[in-house]
Number of protein chains: 2
Amino acid sequence: MSNATSGQSQVAGSADVLTADRVAAALRDDILRGVLKPGARLKDFELAERFDVSRNTLREAVKQLGTAGLVTTRLNAGSAVRRLSEADAREIYIIRRTLELSGVDSLSRAGEAQMLNISAAIEEARRAAAESDWSELSTASLRFHQAVAALNGSARLDAFFANVLAQLRLVNWVMTDEPSFQMQWVDRDKGIADLLLQGNRHEAHIKLSRYLDDSEALIINAIRRSPDGLASASTSS
Amino acid sequence: MSNATSGQSQVAGSADVLTADRVAAALRDDILRGVLKPGARLKDFELAERFDVSRNTLREAVKQLGTAGLVTTRLNAGSAVRRLSEADAREIYIIRRTLELSGVDSLSRAGEAQMLNISAAIEEARRAAAESDWSELSTASLRFHQAVAALNGSARLDAFFANVLAQLRLVNWVMTDEPSFQMQWVDRDKGIADLLLQGNRHEAHIKLSRYLDDSEALIINAIRRSPDGLASASTSS
DNA sequence: TAACTCCTTTTTGCTGAACAATCCTGCTTG
DNA sequence: CAAGCAGGATTGTTCAGCAAAAAGGAGTTA
């Protein structure tokens with residue numbers, strides 16, 4: 001009964017999660033990790049073989065990522081990893097301002113667990129920086145901002161915001177991740193976190209607002225100077 | 001082109017939408033309209049016959065509604081129309097406060113189309129009230145609040161908020177929709193809309209905040225005094 | 001050379017049947 | 001009357017196959 005063979009599927013071992021969900025998670029990981037870069041087509045037969053799942057199941061997984069905003073699908077023309085436009089990036093920063101700043105504003109209603117989440121993310125970032133693990137540091141920073149948005153106190157909002165931040169990571173591979181440059185952001189994260197832990201809602205709001213302005217400018221710039229229509233420029237237009 | 005022969009499926013006619021999406025929309029409509037009440041089980045074989053689609057396709061549609069938060073699924077025990085708990089309702093109102101109030105705050109950045117949306121919703125509510133169409137009036141009110149949240153300026157946020165409001169409608173069937181009582185809310189909607197159209201951001205914020213407090217209290221009350229375990233405690237008794 | 005049309009090859013969207021695992025219901029039994 | 005058990009109902013998943021649409025190439029014409 002060990003489980004590998006058991007579970008309910010005839011072939012793939014599933015602990016107690018739907019197989020499609022498992023595949024979706026793996027696919028999301030590949031996308032976020034940059035194995036599948038924006039614009040890459042997702043042919044379901046190919047991927048079904050790669051993950052050793054039925055074409056039908058993989059299709060469901062892809063659809064999940066579609067509703068998560070990580071892949072786009074044209075009818076009868078298949079799916080591809082989403083390529084974010086400048087407008088998309090702008091929209092994402094609108095959402096970040098709305099949810100993160102609102103989270104700071106409702107700091108007084110925050111529970112202890114939520115504050116702990118914030119300091120945990122900062123601590124993790126500090127450790128990653130010490131070990132020069134730039135990839136981990138980047139995700140720790142995102143986790144901090146997610147914790148800020150979590151101050152709003154809604155799990156649904158958290159899930160939505162996680163999706164949005166995941167979409168933002170689609171742009172990450174465009175950016176030249178200069179370590180020394182990235183350190184600046186971590187320092188500013190820590191500054192905001194300290195203000196929050198002190199309960200200084202007002203200053204935190206201002207500092208976070210500036211942070212988002214600068215971050216957005218950087219990302220927009222990166223998108224503009226990136227090889228834009230690399231894969232899409234074909235087929236005329 | 002009502003149905004049968006066209007489209008790409010052998011059986012069901014699809015204009016240019018995925019069949020699963022079409023079925024999902026129809027199902028959502030049934031749920032929101034109250035044809036399928038909270039707690040109702042969704043047996044896929046049954047529904048597949050009802051919509052004349054394959055069991056596999058219907059399953060995908062149900063899963064979509066699952067991620068939309070309208071149905072819950074227990075592993076190996078099937079899906080059912082979601083029944084909102086008091087905590088769910090509270091969370092929804094947290095989201096409403098976050099997004100609607102933030103929308104009011106960013107009124108200055110709003111475009112003309114967005115303001116037009118607001119007045120259109122109010123106008124529609126007025127018309128529905130004149131015709132005593134209480135169902136349409138209720139949806140018009142929701143459309144107004146959606147327009148307020150749309151002031152934030154993000155399509156993604158709009159889609160998310162639409163989902164949340166749809167979930168809120170799951171509670172609606174619990175409430176005794178006394179017409180005269182519902183009129184009160186429409187009037188308050190109009191009051192807020194007028195302030196917005198005048199550009200009076202501050203007063204609108206205050207009025208909307210009170211509106212949400214009162215509305216939440218009403219809904220929470222309705223949930224508390226509703227026949228709670230109506231469908232789950234049945235089968236015997 | 002460039003562009004247009006036609007045709008073949010993929011690839012997609014959906015179906016229907018199959019099967020193991022699990023849940024549910026009613027019946028038996030103590 | 002409670003506990004337990006069998007059998008049917010239902011779910012999660014896979015597989016093979018078909019029709020329709022898109023992708024891609026060859027050939028023709030300008």
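Within every chain, numbering begins at 1; the chains are lettered A, B, ... in the order of the sequence lines, protein sequences first and strands thereafter.
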Exercise for review: Go through the structure and list residues passing side-chain contact (heavy atoms from CB on, under 4.5 Å) with D44(B), not counting sequence neighbours.
Suggested key: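 D44(B) satisfies side-chain contact (heavy atoms from CB on, under 4.5 Å) with R55(B), L58(B), R59(B) once adjacent residues are dropped.
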Whole-Å distance between [N] [atom2] and [X] [atom1]?
| X | N | atom1 | atom2 | result |
| --- | --- | --- | --- | --- |
| F45(B) | dT10(D) | CZ | C1' | 11 Å |
| E46(B) | dT10(D) | CD | P | 8 Å |
| L18(B) | dT15(C) | CG | C1' | 14 Å |
| R41(B) | dA9(D) | CZ | P | 14 Å |
| N76(B) | dT22(C) | CG | P | 7 Å |
| D44(B) | dT22(C) | CG | P | 18 Å |
| L42(B) | dT11(D) | CG | C1' | 13 Å |
| R55(B) | dA17(C) | CZ | C1' | 10 Å |

Looking at every heavy atom in both [X] and [Y], which two are closest together, and how far apart are they?
| X | Y | value |
| --- | --- | --- |
| A150(B) | Q114(B) | O-NE2, 3.1 Å |
| S106(B) | L151(B) | OG-O, 3.6 Å |
| R169(A) | T139(A) | NH2-CG2, 3.1 Å |

Of the nucleotides [options], which one has an atom closest to the side chain of [X]?
| X | options | answer |
| --- | --- | --- |
| K43(B) | dT11(D), dT15(C), dT12(C) | dT11(D) |
| A77(B) | dG17(D), dC23(C), dG12(D) | dC23(C) |
| N56(B) | dG13(C), dC14(C), dG16(C) | dG16(C) |
| T73(B) | dG12(D), dT10(D), dG13(C) | dG12(D) |

Check your understanding: Considering only heavy atoms, which members of residues 58-68 of chain A lie under 4.0 Å from some atom of DNA chain C?
Key ->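 Contacts with DNA chain C under 4.0 Å: R59(A).
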Review point. Within the distance-only criterion (no hydrogens, no angle test), does the side chain of S138(A) pair as donor or acceptor with the backbone N or O of W134(A) below 3.5 angstrom?
Key: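 No, because the side chain of S138(A) does not come within donor-acceptor range (under 3.5 Å) of the backbone of W134(A).
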Review point. Got a donor-acceptor contact below 3.5 angstrom from the E60(B) side chain to the E60(A) backbone?
Key: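 Checked: no pair found.
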Review point. Which salt bridge (Lys or Arg N to Asp or Glu O under 4.0 Å) pairs, counting each pair once, include a residue from residues 138-157 of chain A, with sequence neighbours left out?
Key: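 Every pair satisfying salt bridge (Lys or Arg N to Asp or Glu O under 4.0 Å) with a residue in residues 138-157 of chain A: E124(A)-R143(A), E136(A)-R143(A), R156(A)-D88(B), R156(A)-E91(B).
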Check your understanding: For S54(A) and dT13(D), is the shortest distance between a side-chain N/O and OP1 or OP2 below 4.0 Å?
Key ->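 It does not, given that no N or O in the side chain of S54(A) lies less than 4.0 Å from OP1 or OP2 of dT13(D).
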Practice item. Return the 5'-most residue of the pair A20(B), R74(B) with respect to DNA chain C, ranking by each residue's nearest nucleotide. Key: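 The answer here is A20(B).
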